[in-house]
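All of these numbers come straight from a predicted model, not from anything done at the bench.
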Amino acid sequence: MESFGLKGFDTGVWFGLFAPAGTPKDIVDKLAQTANAVIQTEEVRAAFAPQGIDVIGGHARRVFGLR
């Protein structure tokens, strides 16, 4: 942001996958597990790195405090 004259600012981008309400927990867990495995691959990390994106991963229960 400094290149735009905004010193001291940091930006972030968040991406997520969503499923319809009522999707069984085991399906949601499998989707989260698979998506997290994919984004941890060197191929995906290498694709995001030039854009300055740090891959983290997670699960809706952690991000949104869901059960």
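Under a 3.5 Å cut-off, the side chain of Gln40 and the backbone N or O of Ile56 do form a donor-acceptor pair.
Separating the CG atom in Leu31 from the CG atom in Asn36 is a distance of 11.0 Å, to the nearest 0.5 Å.
The nearest pair of heavy atoms linking Val38 to Val44 is O-CG2, 3.4 Å. Here the shortest heavy-atom pairing between Gly57 and Ile39 reads CA-CD1, 3.5 Å.
Enclosure of atom CG in Asp26 by more than 12 non-hydrogen atoms of other residues, nucleotides or ligands within 6.0 angstrom is indicated. With a 6.0 Å radius and a threshold of 12 heavy atoms from other residues, nucleotides or ligands, Glu43 has its CD atom at or below the threshold. For Leu17, the CG atom counts as loosely surrounded, since its 6.0 Å shell holds 12 or fewer non-hydrogen atoms of other residues, nucleotides or ligands.
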